[in-house]
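To keep things clear, I will list the structure first and then write my remarks on it.
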Amino acid sequence: MDSRWGTYIYSHGRDESRPYGCLKTKEDMTIADAQRRVDEWISGIGGGYFSELTNMVLLTEEVGELARIMARVYGDQVAKKGDLKKDIPEELADVLWVVICLANQCGVDLNEALLKSFEKKTLRDAGRFSH
């Protein structure tokens, strides 16, 4: 990944009083922007990527944390004290973060991969869900 994200931040209103990578306002981010920004953060603040295997284990852990909340919010399990300290958006973002890390490490352009996935699913499932 390249370091153009840092240039993007500085040219689009980074708030100097906030930690690196924090923007002043909420704004849209493309998948490519997210990949660049995660890479910039990992290279700067994060001190480098964990191994791919470690990140795969971390992804499993993050999905488990999301599943725990989903089971208690939408499922039959009753939440125990502390179960709902985190929320669904936070946990989904954590899952996405690790997926982006893995994509960056494996040289995967997630935008291209997602477009191919849409094409595959559209061709495979055309008419499958029609009644």
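- Under the 3.5 Å distance criterion, the side-chain polar atoms of D33 are matched with a main-chain donor or acceptor of T30.
- I45 and W97 fall within the same hydrophobic cluster, defined by Ile, Leu, Val, Met, Phe, Trp and Tyr side-chain heavy atoms under 4.5 Å apart, directly or through other members.
- Counting heavy atoms from C-beta outward, I88 and Y74 have side chains that approach closer than 4.5 Å.
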Please list every donor-acceptor pair under 3.5 Å in which a side-chain atom of residues 108-120 meets a protein atom from a residue at least two apart or in another chain.
from	atom 1	to	atom 2	distance (Å)
D109	OD1	N111	N	2.9
D109	OD1	E112	N	3.0
E112	OE2	K116	NZ	3.2
S117	OG	K121	NZ	3.0

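- Contact detail for I42 and Y49: the closest heavy-atom pair is CG2-N, 3.4 Å.
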Please tabulate, for the side chains in residues 52-62, all donor-acceptor contacts under 3.5 angstrom to protein atoms that are two or more places apart in sequence or on a different chain.
from	atom 1	to	atom 2	distance (Å)
T54	OG1	S51	OG	2.9
N55	ND2	Q105	OE1	2.7
T60	OG1	M56	O	3.1

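- Panel note: side chain N104, backbone Q35; a donor-acceptor pair is recorded below 3.5 Å.
- Put simply, CD on E65 and CD on E90 are 8.5 Å apart, with the number rounded to the nearest 0.5 Å.
- Judged purely by atom type and a 3.5 angstrom limit, R72 uses its side chain to pair as donor or acceptor with the backbone of R68.
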